[in-house]
Amino acid sequence: MVPVPQTRPQTPPSLRRTPVQQRSAERLARILDACAELLDETGYEQLSTRAVASRAGVPIGSVYRFFGNKRAMVAALAHRNLDEYARRVSDRLAAAPLLDAYGAIDSVLDEFIAMKRTVPGFALVDFGVPATASGESAGEGDGAGGSEGDGDGDGGDGGERDGEGSGETPAGSLAEDPNRQVAERICALLATHLNRPSDDDLRRKVLVGVETADALVRLAFRTDPAGDPALIDETRHLLHAYLAHWLA
């Protein structure tokens with residue numbers, strides 16, 4: 001069997017600029033780590049770029065070097081989550097090349113559940129930005145415009161204010177249909193692992209499975225913060241019944 005390829009991470013469209021130097025990439029990672037931690041502590045509506053900068057130990061200008069507002073920052077976190085999820089599923093499938101359709105479905109679901117339980121911020125922001133809050137537009141900032149440069153040598157303005165007209169792709173464009181993005185990544189992995197074409201039928205079936213699993217897993221974690229085991233089992237049985245015989 002052909003080894004399962006790891007789907008290629010892409011630069012989040014919400015980034016104002018891509019880090020060039022290693023130090024800048026590490027600083028971006030610290031910003032997103034801080035963002036994830038604060039999402040767990042305060043929720044999305046109370047999140048601010050200034051609080052993230054303080055938690056990450058970077059100047060506020062460093063945050064605005066990469067993001068025009070908190071929504072763009074959270075969109076980048078969601079994008080990173082998707083890359084990490086695809087990597088985990090890819091590694092798990094590659095480690096068990098003889099895994100059948102049932103086992104492949106279990107791998108996809110189990111890694112999603114594991115990230116819900118262990119990855120900071122994932123319970124609130126998995127692969128998409130929360131719905132726009134009352135009074136917030138997808139392109140507006142959080143009112144904490146930066147004025148400090150970060151001096152990391154990547155060039156740029158360091159002092160741009162947040163808000164509309166900042167030039168980056170609106171964060172809402174990333175979050176329009178996150179489940180479709182998830183389905184595309186899963187489809188590619190399953191098609192290679194099960195040695196079958198990634199055609200329209202597979203994409204449609206996987207998308208339905210992703211939408212269904214997303215709704216049921218959210219229900220499981222609303223019922224029990226650790227994920228209600230009975231509801232997770234029901235989700236697994238449903239996915240097996242819907243997908244496994246067709247994938248096989």
Side-chain angles (χ1 to χ4, degrees), residues 1-15 18 32 74-119 122 125-129 169-221 227 232-248:
M1 178 178 293
V2 178
V4 175
Q6 183 172 315
T7 53
R8 180 179 300 176
Q10 300 174 343
T11 300
S14 55
L15 278 182
T18 303
L32 293 180
V74 173
L77 176 64
H79 192 281
R80 187 176 75 167
N81 287 341
L82 179 54
D83 283 342
E84 173 63 12
Y85 176 61
R87 183 195 66 78
R88 289 182 178 216
V89 173
S90 176
D91 289 349
R92 184 157 171 171
L93 294 177
L98 299 181
L99 206 60
D100 63 7
Y102 290 91
I105 291 169
D106 287 343
S107 297
V108 170
L109 179 61
D110 289 346
E111 291 303 327
F112 184 48
I113 298 298
M115 290 184 72
K116 280 282 190 185
R117 288 171 172 162
T118 63
V119 174
F122 196 85
V125 175
D126 44 28
F127 308 122
V129 184
T169 302
S173 65
L174 177 67
E176 284 176 356
D177 197 350
N179 279 347
R180 191 172 293 274
Q181 297 179 52
V182 175
E184 287 293 329
R185 302 287 282 269
I186 291 174
C187 188
L189 293 170
L190 290 177
T192 302
H193 179 77
L194 298 171
N195 195 28
R196 58 158 298 153
S198 180
D199 54 22
D200 289 342
D201 287 339
L202 180 61
R203 284 191 286 271
R204 183 175 61 255
K205 292 282 187 180
V206 171
L207 178 59
V208 171
V210 167
E211 291 283 359
T212 303
D214 181 45
L216 291 176
V217 169
R218 288 180 187 276
L219 174 61
F221 279 83
I232 290 172
D233 283 345
E234 292 293 338
T235 304
R236 191 181 310 278
H237 293 325
L238 188 151
L239 292 175
H240 284 173
Y242 177 68
L243 286 175
H245 70 284
W246 189 84
L247 288 172

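When all heavy atoms are compared, the tightest approach of L189 to A86 is CD1-O, 3.9 Å. Of all heavy-atom pairs spanning V125 and A78, the tightest one is CG1-CB, 3.9 Å. What you find for L32 and A76 is that their closest heavy atoms are CD2-CB, 4.1 Å. When all heavy atoms of L202 and P197 are compared, the closest pair comes out as CD2-O, 3.7 Å.
Atoms CG and OG1, from L207 and T212 in turn, are 9.0 Å apart once rounded to the nearest 0.5 Å. Atom CD in Q181 sits 9.5 Å away from atom CG in N179 (nearest 0.5 Å). From I232, atom CD1 reaches atom CG of L219 across 10.5 Å, with rounding to the nearest 0.5 Å. I113 contributes atom CD1, which lies 7.0 Å from atom OG1 of T235 (distance to the nearest 0.5 angstrom).
Looking at D110 and R236, their side chains come closer than 4.5 Å, going by heavy atoms from C-beta outward. Between V89 and H193 the shortest side-chain heavy-atom distance does not fall below 4.5 Å. Side-chain contact check for V108 versus Y85: some heavy-atom pair is nearer than 4.5 Å.
For residues 186-198, the salt bridge (Lys or Arg N to Asp or Glu O under 4.0 Å) pairs, not counting sequence neighbours, are R196-D199.
Under the rule for a side-chain contact (heavy atoms from CB on, under 4.5 Å), the partners of R204 that lie at least two apart in sequence or sit in another chain are D201. Judged as a salt bridge (charged side-chain N to carboxylate O under 4.0 Å, His left out), and not counting sequence neighbours, the contacts of R88 are E84, E111. Residues passing the salt bridge (charged side-chain N to carboxylate O under 4.0 Å, His left out) test with E211, sequence neighbours excluded: none. With sequence neighbours left out, R117 forms a salt bridge (charged side-chain N to carboxylate O under 4.0 Å, His left out) with no residue at all. Partners of K205 by salt bridge (charged side-chain N to carboxylate O under 4.0 Å, His left out), not counting sequence neighbours: none found. By the side chain to side chain donor-acceptor pair (under 3.5 Å) test, S107 pairs with R92, sequence neighbours left out. For the side chain to side chain donor-acceptor pair (under 3.5 Å) test, no residue two or more places apart in sequence or in another chain qualifies with D233. N81 meets the side chain to side chain donor-acceptor pair (under 3.5 Å) test with no other residue; sequence neighbours excluded.
A donor-acceptor pair under 3.5 Å is formed between the side chain of T118 and the backbone N or O of A114. At least one donor-acceptor pair under 3.5 Å links the side chain of R203 to the backbone N or O of S198.
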Please set out all donor-acceptor pairs under 3.5 angstrom arising from side-chain atoms of residues 238-248, sequence neighbours excluded.
from: H240; atom 1: NE2; to: D106; atom 2: OD1; distance (Å): 2.8
from: H245; atom 1: ND1; to: A241; atom 2: O; distance (Å): 3.2

Using a 3.5 Å cut-off and no angle test, enumerate the donor-acceptor pairs between side-chain atoms of residues 97-104 and protein atoms at least two apart in sequence or in another chain.
from: D100; atom 1: OD1; to: Y102; atom 2: N; distance (Å): 3.2
from: D100; atom 1: OD1; to: G103; atom 2: N; distance (Å): 2.8

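Note on ring orientation: taking the six-membered ring where Trp is involved, the planes of F112 and F127 are parallel (angle under 30°, cut-offs 30° and 60°).
No salt bridge links R87 with D83; every basic N to acidic carboxylate O contact stays at or beyond 4.0 Å.
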